[in-house]
Every structure is written in C-alpha cells, then in structure tokens.
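See below for the structure under consideration.
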Amino acid sequence: MEYQRLYETYYTMVYRLSLLILKNPQDAEDAAQTIFLKVIEKQPSFTDAEHAKAWLLTVTRNHCRDIQRSFWHKRRADPEQLPEPSIEPFDKQGGLLFEIIQTLPSKQREVVYLYYFEDYSIKEISQILNRNESTIQSQLSAARNKLKKHISASKAAIFSLALIVCLTFGGMAVDSASGGTVKAAIHEVSERVQTVISHFLSEKDVKVADEMISLPIAVYASDLVGIDRDYLALANERALLVYDRNQDAVVAVLDLQQMDCNYLNANSIATRIFMDDGKLYLFNETGIDQELPEGASAPLPEFAYIYDVSGLSAQETSLTAAEIHDQVQKFNEESISENHVENDPFLTYTTDPDEIRQIFDRWEHDAKGQFIDTFQEFQDADFLDADYEKQYGTSYSVNSLYWSDASGKNILSCLVVDSESNYELYSKQPDGTIVSDKLNLTVIDTPADTDSGTDASDDTAQAADANQLPAFSYSGDDAIMATLCEYLNQLDAQNMYAHGSNSLYIPTPVIYGTAKSGGDTYVFCNLWSFWYYRNGNTLECESGGEAPARLLLHPSSDAANGYEVIEDLRTGDGAEYAAGIKEFCEGFPGMADKYFYSEKPDDTRTELIRMYVQDNNLDIKYYKDYGWDPVLVQ
C-alpha cells in the first residue's frame, strides 16, 4: 500500500487512538504526524491492509506510551513533510463520544476503542495488546458498566445516550476504515431511543442494581424468576433485574424492598415471582409454614404487582434529533420522585381480589410447575465436580426454569455465579446438551486499572464506602452490659481476618445473673456474637454463635465503664458443653439451669440492633437470619 494512501486511510485512526491515550489534541496531532514520518523513514512492507492497520495501532500505542513516560522529551514533526489530513477525525457526535470514553481508565479506553471503533474481536485485541482474552473481556465489561453509570450520573444530551447505548448495549461497532460513522449507529438505535427515555435508569436504579449484584451469596445464587427469547429476570432479597438478552444489558430495576416483595428465603411468607406472556407477576404468599384445615384454601395475597416486560420494546417511535433533544431536556428538568414504583410506566399495583385470584391461580396451576430443582437437573454441568459438589467459589440458583425458545423447544435454564461474581445462564437442551452464555452483569467494585500498580479505582472506593457500616458501640446506661460489649469488641478486633471488611460485628451478651465476690462481680452469661452485612434496609446475618461463660469483673477507675474483665471461663463443645457450665456454676444454686432453659437472645439482639441503628441514624428497618422472617427494629 503506497504511503500517501496509507496516510489518508489511517490518519483518523492514528489521531483518535493518540488522543485517547494522551488526552490532548495538540499532543495527539504531533504524535500522529511523527508516526507517519516513521512510516516514510522506515518504509515497512505490509502483506495487506489489515497488517498495515495492526502495525500502525501497535506503533501508535507504543509511541504514545513513550510520550507519557517522558513528557519533557517531545519531538514535533515537520508538517512540510506530510500532506494536510484529508479526513476530519470527528463529526459532532463522534467528538462527544470520545469525550465520554476518555472518562474511562486508560486500559479500558484502549479496549473499548479497538472493540467498537476498529471492530476487532476479543481474541484480536488480546493479541494486539498482549493481554489474556479473559482480561480483555473483564476490562470491556467493566468499561460498559462505567459507561452505563455515566448515563444516569450525567443525564447528558440524547446524542450521548444513543452513543453510549451503542457501546453498553452491544452490537453497534463503528468501523472507521470501512466508512462507518457514529451517526449511522445512532440511526440504528433511534427506534429504541423513546423507550430508553421513558424508562431511563435513574441513579437510584443503578445504585439498587449494584447493591443487588454485590450482595454476598449466602447459599444460592440469585433466583431466575422469568425467561423468554428476549428477556430474563433475576431476583434476590434486594432487587429484581430485567436483562435484555439481545442488547446484553440490564434495562429495568425493581426495588423489591420498597415494594415489600423481598421474601425470597423467609419462613412464614414467600414472595412468588413468575413470567407469563411478556409480563412479570409478583405477590406475597402468607401462612406457608402453617397447616391448613382440611378443605381450606390458602389465604389470598393482599396485593400483587404486574410488570409489563414487553412494554420495554413495544414503543417504536422514530424521532428527529431536535425532538429527541427536547424530550431529554424535559426529562432532565422533571424531578424524579424517590418512589420508583409510582414513576415506572410499566409497573402496576393491584388490590382487586378477582385480579389477584387469577394471578394466584395461574401461579398454583401453571407457573409453579415450571420451577425445577437445579441440583437434580444439572448434575452433568461443569459447575459441579465429580462428587456433585459446587466448584470452588461457584453458586447456582436453587431452581431452574422451563421456557420455550422461538422454535418451540422446551429448555431448562438456571443462573450460575462464579467466585468473581460473573453471571452465566446455563441451559439444558431437549437432547440433554448443556450450554452456557455469559451475562453482562458487572459488580461495582471491579478490579482497578493497574497502570500505576497501586491506585484503586474510584468506583471501588465508592462501593466500599456505600457498604461500610460504622462499628457498634453500646450507648446504654447498664455498666455491666457496656463492659461485656466492649470486651467482646476487643476480642473480635483481634480476629480481624475472620470476616469481610464490610462486616458489622454486634456483640449480644445475654446476662443470666450476677454474684458478688468481695469487691468483684461474677457475671453468668452467654456471649452471643453476630456478624452482619448490609442489604439495603436490612442487616443480613452473615454468621453467629454462642459462648456460655462466667466472667469476673473487677472495679477499675481506668476502665471507661468502671470494670475490667479479669477472668473468662468458657465451656467446651460436645460432651464438655454441659459439664463446663455445671462446673463454673458450682456453688451458685439454680444458675446452671438458666443456661439450659433460657430463650435464645432475640430480645437482647433486637434491643442492641435498635440502639445501633438509632445511634448512627441509619435507614435500617430489619435484621434477618437466612431462612427466617425479617425482624423489625424501627
């Protein structure tokens, strides 16, 4: 390929990649001119156009990296040796797109540019950048997630929205070398723009979705509650996400806590969710732990929600750029209520008994039978090992779901989450073959860009801050309880690696009685301990345990609460449990019986959590143990 033609064909590409790395138009222009001077000087031979393109990309990237490392040593090209660029590097929309991409960390910028602008595959990008394919995939997913967050944060003009839709929703690569333009991509998504406007993911939606995906997995992965050829819905105790399988993106978020439909592993109440004919149905079934009298019917739910999933893609309005801009301006100016339910055009709420009866009967007679135990049906899948145990760090949805594809085949699918919180949809075909598809769900605290090797990403820090809870401190007026809580806090601090950084420890000592011994005080107690993590408005219990003990407290003017613990006698496990209690209760009649016959620490636990929530002015309403009903604390 002659060098004049090479210059005219690839100047735009070289300039844009230089600008992406250097973030300065003058430096990018200097870099582009210098790189083409190298072509003239070295006169490399190329086997074909793809070879020339790949060579220029590599040289551009290396040259710009050299400039970054030695910014004081720049060599400006002599413009007399090069023709004037015959191609404008950007149209208006392209320049706006570049501004948005430049908000990404550098390694993500490169991947996004090569994937969407130059139309390279994951495999080809891994060869160009000399990175593993899995790393490229991870960086691309992280970039998509950041760009989606940028939409809700900036509420930019609709051109930004459409451009980011091209990127984050996939399938809209723009190949500059073949003459493709960003305008063409905008035109291709224009039929979906009105839907995006009407169901714009707010900052609250993004926050709720991140909280949902980031929840620690206690036993099972999120439930697959609905699926068809276009959408799937997944839910856990925080939220429900509607995932567009064609656009490879989350397109709707339902805050299940706000809807009071988050009872997915409770005891006496269960939230039922199913999908039928393009609609999701949600209601709470009560009394599931009670035996009904013979012939009696289950109580009817008090309310139900209906979410019209098909409405997400039903509107096909083609708008002019001016009309789109006006609608976005109107959208940005309108205040968005905190009540997501009231502002969702696809969600309806009903208390009509006849309508609820129809929904409930549909669940009982049809939908319930579509949910099948995952373990029984997927024992040949690779997320289980030879002993039918979960692969390390992997979790799967407790139930699989039957659905029909476009050809009418019955397929059984479940969700699987690996140790790095990557979601996959596993599907068993009618012939027993199992296939899997990755879902574009990325946790907010993705690994940081490692250019410097030390700095963490802003998103990681924000995610940690959002989930971090203040430490517990007893604020009551009981000096002995205060002493025990402080003592247990100190013991937990010494065991700092036992739980995650966002775990909250709340000591819950249950005092059965006290006895004086000279100036000292014996305290007969069970030292319960509980660790929690935040799930929206709920403290989910991560783990807990008891430790029957007898402590000896000595008055001390140096101690904050007037006592220090000078003796800590505990019982053993198993056969030693009862013997140990009887031993340290010897000489104190009736005291040992309190250890064996007292209730669990529910009252003390609720009192201390309520104190903690009020002291720290938190919007926590419940605490919950896995498989049990939530307990109200305020």
**Study point:** Stepwise side chain to side chain contact (heavy atoms under 4.5 Å, CB included) test for E50 and E124
**Key:** CA-CA 11 Å; E50 276 302 309; E124 290 168 332; 5.7 Å; no
Practice item. Go through the steps for Q257 and E211 under the test side chain to side chain contact (heavy atoms under 4.5 Å, CB included), then give the verdict. Key: CA-CA 12 Å; Q257 291 185 351; E211 290 177 359; over 6 Å; no
Practice item. Begin with the C-alpha distance, continue with both residues' side-chain angles, and end with the deciding distance and a verdict on side chain to side chain contact (heavy atoms under 4.5 Å, CB included) for L114 and I136. Key: CA-CA 11 Å; L114 292 172; I136 299 299; over 6 Å; no
Practice item. With side chain to side chain contact (heavy atoms under 4.5 Å, CB included) as the test, would you mind laying out the steps for I67 and D30 before giving the verdict? Key: CA-CA 11 Å; I67 292 175; D30 289 349; over 6 Å; no
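With D223 contributing its side chain and V225 its backbone, the two residues share no donor-acceptor pair below 3.5 Å. No donor-acceptor pair closer than 3.5 Å links the side chain of T394 to the backbone N or O of K390. Using modelled atom types, one side-chain atom of S397 and one backbone atom of L415 make a donor-acceptor pair closer than 3.5 Å. Between the side chain of R245 and the backbone N or O of D228, at least one donor-acceptor pair lies under 3.5 Å. Checked by atom type and distance alone, the side chain of N236 pairs as donor or acceptor with a backbone atom of M212 at under 3.5 Å. Y243 places a side-chain N or O within 3.5 Å of a backbone atom of N440 that can act as its donor or acceptor partner.
Atom CG of residue D210 and atom CG of residue D205 lie 11.0 Å apart, to the nearest 0.5 angstrom. The OG1 atom of T135 sits 11.0 Å away from the CD1 atom of I122 when rounded to the nearest 0.5 Å. Remark: I21 CD1 to Y113 OH distance equals 9.5 Å, nearest 0.5 Å. Summarising the geometry, atom OG1 belonging to T34 is positioned 11.5 Å from atom CG belonging to D66; distances are rounded to the nearest 0.5 Å. Expressed to the nearest 0.5 Å, how far CE of M13 lies from CG of L17 amounts to 7.5 Å. Separating the CG atom in L20 from the CZ atom in R109 is a distance of 5.5 Å, to the nearest 0.5 Å.
Among all heavy-atom pairs drawn from Y120 and Y115, the shortest one is O-CD1, 3.4 Å. Closest non-hydrogen pair, S18 versus T60, comes out as OG-CG2, 3.4 Å. The minimum heavy-atom distance between L19 and P25, with the atom names listed, is CD1-N, 3.7 Å. Residues S395 and I217 come closest through the heavy atom pair OG-CG2, 3.5 Å. For W403 against R229, the heavy-atom pair with the smallest separation is CZ3-N, 3.9 Å. The minimum heavy-atom distance between C64 and A31, with the atom names listed, is SG-CB, 4.2 Å.
Aromatic rings from F383 and Y426 are positioned such that their centres are separated by under 6.0 Å.
S400 places a side-chain heavy atom less than 4.5 Å from the side chain of T374. Using a 4.5 Å cut-off on side-chain heavy atoms (C-beta onward), I227 and I411 make no contact. For the pair F378/Y396, no side-chain contact is recorded, criterion being any heavy-atom separation below 4.5 Å from C-beta on. Counting heavy atoms from C-beta on, the side chains of S436 and V416 never come closer than 4.5 Å. At a threshold of 4.5 Å between non-hydrogen side-chain atoms, the residues V59 and V39 do not count as touching. Looking only at side-chain heavy atoms (C-beta outward), R131 and V111 come within less than 4.5 Å of each other. I213 has its side chain within reach of L241: a pair of non-hydrogen atoms, C-beta onward, lies under 4.5 Å apart. Put simply, the side chain of L57 does not reach to within 4.5 Å of the side chain of Y10, judged on heavy atoms.
Using bins of under 30°, 30° to 60° and over 60° for the plane-to-plane angle, the ring pair F346/Y307 lands in the perpendicular bin. In this pair, Y15 and Y11 present their aromatic rings parallel. The plane angle is below 30°, not in the 30 to 60° band.
By the neighbour-count criterion of 12 heavy atoms within 6.0 Å, atom CG of D380 is sparsely surrounded, having that number or fewer from other residues, nucleotides or ligands. Heavy-atom contacts from other residues, nucleotides or ligands closer than 6.0 Å to NZ of K438 number 12 or fewer.
If you check the side chains of N535 and E237, you find no donor sitting under 3.5 Å from an acceptor.
Ionic pairing of D255 and R238 is present here: one or more N-O contacts between side-chain nitrogen and carboxylate oxygen are shorter than 4.0 angstrom.
With respect to V253, the side chain to side chain contact (heavy atoms under 4.5 Å, CB included) criterion is satisfied by exactly one of V208, V242, L240: V208.
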